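Letters A, B, ... are given to chains in the order of the sequence lines, protein chains preceding strands, and every chain is numbered from 1. For clarity, every value in this text was computed on a predicted model and none was experimentally measured.
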Amino acid sequence: MADFDQELDASGLNCPLPILRAKKTLAGMEGGQVLHIIATDPGAIKDFEAFSKQTGNELMESKEEGGKFYFLIKKS
Amino acid sequence: MTDKKLAIIATKGSLDWAYPPFILASTAAALGYEVEIFFTFYGLKLLEKKMDVQVTSIGNPGMPMPMPMPVLLQTLPGMQGMMTAMMKAKMKKKGVASLEDLRSLCVEADVKMIACQMTVDLFDMDSSDFIDGVELGGAATLFEFAGDADITLFI
């Protein structure tokens with residue numbers, strides 16, 4: 001697991017909450033810092049890709065493990 | 001960040017149809033869109049401080065039901081309240097945000113909300129019953145924003 005600066009547990013939350021919480025958490029972070037997100041919504045995989053493309057915050061990692069989804073997003 | 005604009009016209013005042021405007025507006029705002037929602041006719045109910053919206057299966061054959069139920073039974077008094085309670089419980093269980101939460105997220109994200117003056121007057125609604133920050137306007141107000149919008153949705 002790569003290093004990260006903050007963690008957001010969005011487990012149990014459904015669309016669009018994981019994205020909205022991630023956006024809110026990123027807003028309080030510095031450029032270059034990395035946010036680790038845990039989600040259980042299967043839609044989050046595509047949504048975080050789209051979020052990253054449209055906001056310019058780099059999606060460094062996206063993986064599934066044991067029914068949970070993990071993302072690393074670097075704030076631009 | 002994108003500098004795109006999204007305009008939404010919200011015309012429905014039921015629990016199920018209240019979701020699309022607030023989900024799309026809050027998500028677009030999170031993606032950096034500038035968002036404006038124009039609430040007209042029954043959509044105005046979504047602006048009331050105490051958002052009292054319900055869901056019904058009447059006239060909605062596509063609504064999934066926990067058990068088959070003849071339409072005449074669905075019309076019985078209390079059925080709409082029961083369906084609303086069941087739908088809200090299901091949404092909570094599945095981690096779907098409440099409408100109040102989604103609306104607050106929209107407000108936080110500076111989603112601009114316009115109430116249609118004509119329908120406010122038509123239904124004798126009191127704009128002081130609306131949440132703070134709502135502006136009143138007409139069709140021309142909508143087009144001032146929607147004319148420059150990248151996406152305009154009628155819901």
Side-chain angles (χ1 to χ4, degrees), chain A residues 5-60 62 64-76, chain B residues 1-8 10 15-37 46 51 55 64 86-113 131 149-151 153 155:
Chain A
D5 300 284
Q6 272 204 50
E7 188 166 68
L8 169 68
D9 188 355
S11 300
L13 300 179
N14 224 316
C15 170
L17 287 177
I19 292 286
L20 299 183
R21 296 273 163 87
K23 161 77 182 173
K24 201 171 177 181
T25 311
L26 282 167
M29 292 170 60
E30 309 275 328
Q33 286 192 322
V34 176
L35 174 64
H36 182 228
I37 302 154
I38 308 162
T40 50
D41 170 19
I45 304 169
K46 279 199 92 66
D47 268 7
F48 274 111
E49 280 173 27
F51 174 78
S52 162
K53 263 188 219 161
Q54 291 173 83
T55 59
N57 301 299
E58 186 196 346
L59 181 62
M60 299 164 60
S62 168
E64 182 186 353
E65 230 174 68
K68 286 200 170 198
F69 307 99
Y70 301 89
F71 307 95
L72 284 174
I73 292 184
K74 187 193 268 184
K75 183 170 179 178
S76 62
Chain B
M1 290 294 259
T2 170
D3 53 359
K4 290 188 171 174
K5 289 186 184 183
L6 166 67
I8 297 176
L15 175 73
D16 44 353
W17 280 99
Y19 271 89
F22 289 132
I23 288 187
L24 296 175
S26 56
T27 304
L31 295 173
Y33 281 66
E34 190 185 334
V35 187
E36 188 170 303
I37 314 177
L46 312 183
M51 205 193 313
V55 66
M86 283 169 73
M87 179 70 91
K88 282 186 175 170
K90 193 175 180 64
M91 285 171 155
K92 197 168 181 186
K93 190 171 150 230
K94 299 262 184 176
V96 174
S98 72
L99 286 171
E100 288 80 1
D101 285 352
L102 283 172
R103 185 173 68 177
S104 304
L105 288 163
C106 287
V107 171
E108 267 176 50
D110 288 329
V111 170
K112 199 167 168 189
M113 307 204 191
I131 53 168
D150 300 271
I151 303 170
L153 301 173
I155 299 174

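For B/Leu102, the part lying under 4.5 angstrom from a heavy atom of chain A is the side chain only. For a residue to count as touching a neighbouring chain, one of its non-hydrogen atoms must lie under 4.5 Å from one of that chain's; by this rule B/Ile23 touches chain A with backbone and side chain alike.
In terms of heavy atoms, B/Ser26 sits closest to A/Leu20 at O-CD2, 3.3 Å. Nearest heavy atoms, A/Leu17 versus B/Ala97: CD1-CB, 3.4 Å. Taking every heavy atom of both residues into account, A/Pro16 and B/Thr27 meet most closely at CB-OG1, 3.0 Å.
The environment of A/Glu64 atom CD is dense: over 12 non-hydrogen atoms of other residues, nucleotides or ligands sit within 6.0 angstrom.
Contact of the A/Leu13 side chain with the B/Val96 side chain is not registered, since no non-hydrogen atoms from C-beta on lie closer than 4.5 Å. Residues B/Glu108 and A/Lys24 are in side-chain contact: their nearest non-hydrogen atoms beyond the backbone lie under 4.5 Å apart.
Distance alone, capped at 3.5 Å, is enough to place a donor-acceptor pair between the A/Asn14 side chain and the B/Lys94 backbone.
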